[in-house]
Amino acid sequence: MSATAVTAKELLLVEAVNDALHVELQRDGSVMVIGEDVGRLGGVFRATAGLRDRFGPDRCVDTPLSEAGILGAAVGLCMAGWRPVVEMQYDAFSYPCLDQLITHVGRYRWRTGGAMGFPLVIRMPYGGGVRAPELHDDSPESYYVHTPGVKLAVPATPADAKGLLAAAIRDPDPVVVLEPKLVYRTARGAVPEGEHVVELGQARVAREGSDLTLVAWGAMVAVCERAADALTGEASVEVLDLRSLKPLDEEALLTSIGRTGRCVVVQEAPRTCGFASEVAALLAERAILDLQGPVLRVTGYDVPYPYWQLEDWYMPSVERVVDAARRVLAF
Amino acid sequence: MSATAVTAKELLLVEAVNDALHVELQRDGSVMVIGEDVGRLGGVFRATAGLRDRFGPDRCVDTPLSEAGILGAAVGLCMAGWRPVVEMQYDAFSYPCLDQLITHVGRYRWRTGGAMGFPLVIRMPYGGGVRAPELHDDSPESYYVHTPGVKLAVPATPADAKGLLAAAIRDPDPVVVLEPKLVYRTARGAVPEGEHVVELGQARVAREGSDLTLVAWGAMVAVCERAADALTGEASVEVLDLRSLKPLDEEALLTSIGRTGRCVVVQEAPRTCGFASEVAALLAERAILDLQGPVLRVTGYDVPYPYWQLEDWYMPSVERVVDAARRVLAF
Amino acid sequence: MVEQGLSRVIGVEGEPDRRVDGLDDEALLAIHRSLVLLRTYDERSVVYHSQGRIGTYAIFRGHEAIQTGVVHALEQRDWIFPSYRDSAIGLLRGLPAATILQWWRGHPSGWWNPEDVKVASICVPIASQVPHAAGLAWGLRLNGTDAAAAVLFGDGATSEGAFHEGANLAAVVKAPLVLVCNNNQWAISTPLEAQTAAATLADKAVGYGMPALRVDGHDVLAVYEAVREGVARARSGDGPTFVEAVTYRSSPHATADDPSLYIDPERVAADKERDCVPVFEGYLRRLGLLDAERATAVREESLAAMRAGIETAEAEPPGDPELVFSHAYADPPATLARDLEDLLRVHGR
Amino acid sequence: MVEQGLSRVIGVEGEPDRRVDGLDDEALLAIHRSLVLLRTYDERSVVYHSQGRIGTYAIFRGHEAIQTGVVHALEQRDWIFPSYRDSAIGLLRGLPAATILQWWRGHPSGWWNPEDVKVASICVPIASQVPHAAGLAWGLRLNGTDAAAAVLFGDGATSEGAFHEGANLAAVVKAPLVLVCNNNQWAISTPLEAQTAAATLADKAVGYGMPALRVDGHDVLAVYEAVREGVARARSGDGPTFVEAVTYRSSPHATADDPSLYIDPERVAADKERDCVPVFEGYLRRLGLLDAERATAVREESLAAMRAGIETAEAEPPGDPELVFSHAYADPPATLARDLEDLLRVHGR
Ligand SMILES: Cc1ncc(C[n+]2csc(CCOP(=O)(O)OP(=O)(O)O)c2C)c(N)n1
Ligand SMILES: Cc1ncc(C[n+]2csc(CCOP(=O)(O)OP(=O)(O)O)c2C)c(N)n1
Ligand SMILES: [Mg+2]
Ligand SMILES: [Mg+2]
């Protein structure tokens, strides 16, 4: 897929997001970026830096402070032939747009019998661990992925941050992209220059192993890799980075569990009805004979995300992942 | 718990809701009902009929058409010592209030270090099968139950509709009550008169069985009972009515599966991250040795709820439940 | 208060009628055909519902003048965003009655391609179409066309955040949009005074820096004139206009509703005196443009369209289960095909 | 436009000062202490942040006059709903600086009981506290008290649906509420003209049928006067009032922000000329109520409070993991205790 990509450069994850936007706005004149502070400031995380100067104030627009209005307007912009990329400034500040998402973004194509497409993207920094005040730390994937008619991707690496966002922008359906702000400026890696697309629905084996599979997405992939390190000598641990939750690469998931027979799913979000539950349910449904032990979930808790001095107690830690892995291995 | 309840009368489910409101508003002068058309009209389903005349326009209030404003005002009313019971007119029209629910209703008590309570109730008719236009058919429990700080109950019978709503109104925490509108006027049963409380977190064995457990809530309980009938002779089927999804009666669930070893979970909502996934994940985590077959989910599909002439193809049918049960039994 | 200071073209209480410049006799008769077509659609739908031939139906009797005035003030290239109550407005853009009837029959063919007729889908959640209209109109401006859009909504809708955010954004981006508020003074059972403390709904426009016009919603030409003014402003790049068309909901909210629980029957009776169809027919008669013969002909034409519509609708076979899964995605997750297969297997299809 | 027609008490460009009746010398000096306390809190917080002693911090320099004017126009029994930027307003109701510093330090003791001081929790999501204030004020009225409430929010907040729905509902239920909009003309990097097309933010009140007042937000007494008028209206049962206090965000949005990317430095410099603290101190001097000695004393008093505050905060032990689970529910699901036990086991606690 990453057709014309030849050389690569080292980028931070947030720089890769910015790179993808520059490439895609250049490639397709109908792509535009809208959101709060995306223009003059270039986004509070600088993800949209340079776009307004390069493509003009009509293609990178500072909107009024109204998330529902912004997403609703994006629906209308699609009807006029545009492909809006909507930035929600933070995870928890996207909640006002859920009504438009559920009642319209996910249904409008269906409502027109497939006659009209709504190729919009909602991208936002998400997740905890950043020592921020309340409501700057949520992992809202469940609300989005439970909603029919939308797709959802979560990159864990700079290359995927660029490739998945590009795929989302080119996708004919609405796609939500959750960017792990915890590693915005710590995840650094080689990113193909120019056009780079990572197809939705293809999981990535971040590390191969044969005894147990750690399933994760976004910032939790790195936590799982550290847990795998910690288990070196004890067990051969595979780390599966889902990359896209809808469409989900069930194939990769079932293949991995088919090999290892043991699974721990790790997510930041609260446990009840989180996507970790979906993964576990899928295995209980389709891999029951492969399972040599329980499917354990290491997740955020069913409580409000805590004050940041306590957040390390809330976020899935390497210790908690290792402990769960050992319990499954010892089962 | 249903302390003073002596005699019982036959009521429709929606009448039982109305009865609960009359009893609780009478019992506690700080309980008030607010929402769209709850006063003069008594609600589009008549669930609040008679309250405005009996308790006055200050305790049963027709609000402006603004779901987020209504729920936000309910938060403030709690701070002033009131116990607001908020009606959302329909499932899908509750989505505008999700932002207030997630950012405030579920967090405000925590935010005050437990100093202030928010004993509010959000009740709404939910679910499909009623031959209605778009967006009158949703089953939104996942959005609500994934949200920390709130509880959620779903009655399947008139007696539970009264008892669970009374428990919700008396509960010190915010509780969402989803009322299965499909059976509002078809579910009829004996309802204790006067005060009647059904504690949250206690599942109900709707039917005893030893070979397989059908797990459901709300309108799907009756579907499961019909499926159990259809399986008479083939298998002894237990039907477990969860009644409250948060707190969840894990005890009852694990006990039942411990006995039957087989489980099918039935829900109307779309599958991905639905509560059926949570139930299956729980079993994969805590009952893996009891399971003699896969945990199958019979659910709504991951598509917009269809036009009503097609809705019977979308709603879990007795046939689909029976088929899933047979597949598990034959496993 | 609400009824004060409304602009009118058709005289009441002895006031003289006016002619609207640019509207020749042909145009007036075209407006008449539209009014009668909508009225007929609405009347027949209520009958069809009572016969169990369509489902619950939201009655728009008395609001045809607003719908007609809006459509006639626009060009074919201009977009329309209807509220749920304006379900049949597409008829005036050439949509077959059968399509709209199928929507109310819950049949999967009850959709149309908004692009074909520049009429957005029926919007069920109150006010949520306002941001769509703002975005579409904004997009039209960015496309460099001089096309415009109109969005219809009710008095209750003005209380929703979606209305507020859409209207504010439209004004900021100078979207070529006319916001048409049908102030029928009721939101189901909630009266205007329980909806807002504002003196008029046009007052809402002040907070968006948007000009506003208030017209008698029973007067199709007054609505036409106001919307045309808004469209002109939109085309010249001056942004949105708010039009408050004051009517009264003289019919039940929908076929399922019992207004006797809340509404004042005398006020309803009074409003029926100002029924927009006879009001406009009187105007045409005074101009010598309408006689009994033509009135019957137009009425017959509409009835024929409805007969054809319901026949076509009822003749259509029920939709296939496939349609539950089609159209949700252009590029669906693989699970959908598996679910369909499973569904067909179970039901022996 | 925005700066025109603002009411003032303290003269600018040679205009004479006024006395506000009901405000004796003692009251004026109390206002001064409040202004300086807030200014000191803000200045010290910026320093503490640069020293890594608190986290990201939202600076409110230049907005102390609004916060102070509001609090002094209210009685102790009246409620205050602060925006995130008014984080320290509770100081004026006797909250210890340590508590607010702990909030910014992300320490679990950074909360207070709103009931004790009638100050709601810091509200992080923009505008979402407006419906809370409307509901609380409504509840106070239902309780038969004559207590009132004030809610503070910014210019950007007026674009949110939550502001709209809360303000509209407040007016409909005649909630005893004063809505105080700090129009500092910026929402992070978004200038007022990209936020709304309205001529003034006070214009928003028209659509809610609410009276509005526009004041110079640099003038603590002008804010005081306006809010007091709103409170009087609230107590007499006439419902809410909207107060637009015009200022300018002359400091960065927060410690993490770099305004050089978007703001006009000359305009910032000009605003600093009207800094609310020296402006009010000049007024007091002209009245012979303030000399260098008293100014230093007040300043010292505030600095002492801050020194004590940060010491107390830093002396507190880190919070226990138990606190992750406490307080979410009054009657928590059993799973929470199991999760805590598991967490402690894994981390060998
Ligand atoms: C968001 C939302 N909330 C509630 C409803 C239920 N509902 C349908 S019509 C209606 C009243 C609408 O009143 P108004 O906006 O005045 O339009 P009218 O019905 O008078 O045409 C309500 C509350 C809805 N459709 N959408
Ligand atoms: C719902 C929501 N969206 C976005 C944000 C991020 N944010 C924090 S402050 C701010 C600007 C607020 O502007 P204004 O209301 O004028 O208040 P000011 O910052 O000027 O005091 C934004 C967009 C938020 N906190 N809440
Ligand atoms: Mg209306
Ligand atoms: Mg501001």
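This structure is a prediction, so every number in the text was calculated from the model and none was measured. Just so it is clear, the values below take in all heavy atoms, side chains as well, and ignore hydrogens, waters and symmetry mates. Below, chains carry the letters A, B, ... as their sequence lines are ordered, and counting in each starts from 1.
For chain B, the option among L98(A), D302(A), I102(A) with the highest count of heavy-atom pairs below 4.5 Å is I102(A). Chain A forms more heavy-atom pairs under 4.5 Å with one residue of L248(B), L289(B), V265(B), L283(B) than with any other, namely L289(B). Among G274(A), A269(A), A284(A), the residue making the largest number of heavy-atom pairs under 4.5 Å with chain B is A284(A). When each of A276(A), A280(A), S142(A), A287(A) is scored by its heavy-atom pairs under 4.5 Å with chain B, the top score falls to S142(A). The choice from L245(A), I288(A), T272(A), T147(A) that makes the most heavy-atom pairs within less than 4.5 Å of chain B is T272(A). The choice from G149(A), P96(A), C273(A), A92(A) that makes the most heavy-atom pairs within less than 4.5 Å of chain B is C273(A). When each of E285(A), Q100(A), E141(A) is checked for heavy-atom pairs under 4.5 Å with chain B, E285(A) comes out on top.
Using a 4.5 Å cut-off between heavy atoms, E134(B) contacts chain A through its side chain alone, with no backbone atom that close. If you measure heavy-atom distances from L282(B) to chain A, the contacts under 4.5 Å come from both the backbone and the side chain. Looking at P306(B), only its backbone comes within 4.5 Å of chain A, counting heavy atoms on both sides. Heavy atoms closer than 4.5 Å to chain A are found nowhere in S94(B), neither backbone nor side chain.
Between P270(B) and H146(A) the shortest heavy-atom distance is O-CE1, 3.3 Å. Between R111(A) and L135(B) the shortest heavy-atom distance is NH2-CD1, 4.0 Å.
Residues of residues 290-301 of chain A lying under 4.5 angstrom from chain B, judged on non-hydrogen atoms, are L291(A), G293(A), P294(A), V295(A), L296(A), R297(A) by number.
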Between T103(B) and F93(A), does the side chain to side chain contact (heavy atoms under 4.5 Å, CB included) criterion hold? Intermediate values first, please. CA-CA 9 Å; T103(B) 60; F93(A) 305 145; over 6 Å; no
Evaluate side chain to side chain contact (heavy atoms under 4.5 Å, CB included) for L101(A) paired with Y95(B), printing each intermediate quantity in order. CA-CA 9 Å; L101(A) 181 96; Y95(B) 298 141; over 6 Å; no
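The aromatic rings of W110(B) and Y307(A) lie tilted to each other, with the angle between the two planes from 30° to 60°.
Ionic pairing of R107(B) and D137(A) is not present here: no N-O contact between side-chain nitrogen and carboxylate oxygen is shorter than 4.0 angstrom.
For the residue pair S277(A) / E278(B), a side-chain donor-acceptor distance below 3.5 Å is found, with atom types taken as modelled.
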